[in-house]
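Below you'll find the structure, written out as structure tokens, and then a few comments.
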Amino acid sequence: MTPSTSAMPKHAPPPDPSEMPHERVLVAGLGRAGLDYACTFATHSGSRLAGFVESRNELRRFARGIGFQAPSDASLLRWLTRNACDAVVVAAPPAEAPELVEQAVRSGLAVLVHGLAAMPGPTAIRIRDLLAGSERPVAAGAPIMFHPLFARARRTGALSPERITQLRASASVSRVFSPLVNPGRDVLDFLLADLMLVLTASFGGVERVKATG
């Protein structure tokens with residue numbers, strides 16, 4: 001017996017991306033990393049860039065100048081009185097990060113902290129304790145672990161610790177600094193932190209470090 005057309009199973013059409021729920025993400029800190037996160041969440045199918053928080057007026061103007069139209073403010077708490085979001089990415093300098101994390105946690109928002117591994121010890125410990133008190137998802141971002149080269153090496157086992165008896169690693173800054181501007185120790189701190197994250201994730205705990213800069 002041949003089933004009738006009405007008896008055949010019907011397949012639901014694929015969901016319309018415009019009708020799917022989007023996480024509203026606020027970026028706090030508009031330095032180089034903050035703009036990278038803004039570009040990512042503005043183009044990700046599961047998120048929507050809700051806005052910016054940045055204490056420096058020139059950086060907020062720069063974000064608008066390159067095409068971002070999301071609402072911005074110098075204060076996170078003031079931004080939240082006028083707008084809404086589901087999560088906050090804290091990409092601000094270490095001196096500003098703890099206060100932003102505390103305000104985000106108290107506001108019941110999910111939090112992603114950028115560059116935690118490179119922050120001074122007391123600052124990182126304070127942020128860790130603040131995140132521990134959150135009932136929402138929290139995370140610390142380390143974009144270098146998602147670099148295609150390292151991701152592929154982990155998948156293929158090329159960085160298997162069983163195959164390596166000795167390892168030497170180095171890193172360099174591929175940025176041009178004005179001869180009149182001292183880039184500061186934070187550049188080297190973040191560089192070393194990224195390198196240590198790669199080594200730890202790929203080979204386990206690092207026993208000894210010798211560094212020059």
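Note that the numbering runs from 1 along the sequence shown for the chain. A quick note: this is a predicted structure, and the numbers were derived from the prediction, not measured.
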Is the closest side-chain heavy-atom distance between [X] and [Y] below 4.5 Å?
X	Y	result
L26	V89	no
H22	H44	no
H114	V90	no
R60	D73	no
C85	L80	yes

Report whether [X] and [Y] are members of the same hydrophobic cluster (ILVMFWY, side-chain heavy atoms less than 4.5 Å apart, transitive linking).
X	Y	result
V53	L130	yes
L195	L116	no
V25	L100	no
V101	L112	no
F41	L30	yes

Give a yes or no on whether E58 atom CD has more than 12 heavy-atom contacts from other residues, nucleotides or ligands under 6.0 Å away.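 Above 12, so yes.
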Cationic N near anionic O, under 4.0 Å, D86 to R136: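 No, no charged N to carboxylate O under 4.0 Å.
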Looking at every non-hydrogen atom in both residues, tell me the closest pair between [X] and [Y] and how far apart they are.
X	Y	answer
V27	G34	CG1-O, 3.6 Å
A92	A97	O-CB, 4.3 Å
A50	A84	CB-O, 4.0 Å
A38	F52	CB-CE2, 3.5 Å

R64 vs S72, side-chain contact (heavy atoms from CB on, under 4.5 Å): CA-CA, chis, key distance, verdict: CA-CA 9 Å; R64 289 194 296 271; S72 64; 3.6 Å; yes
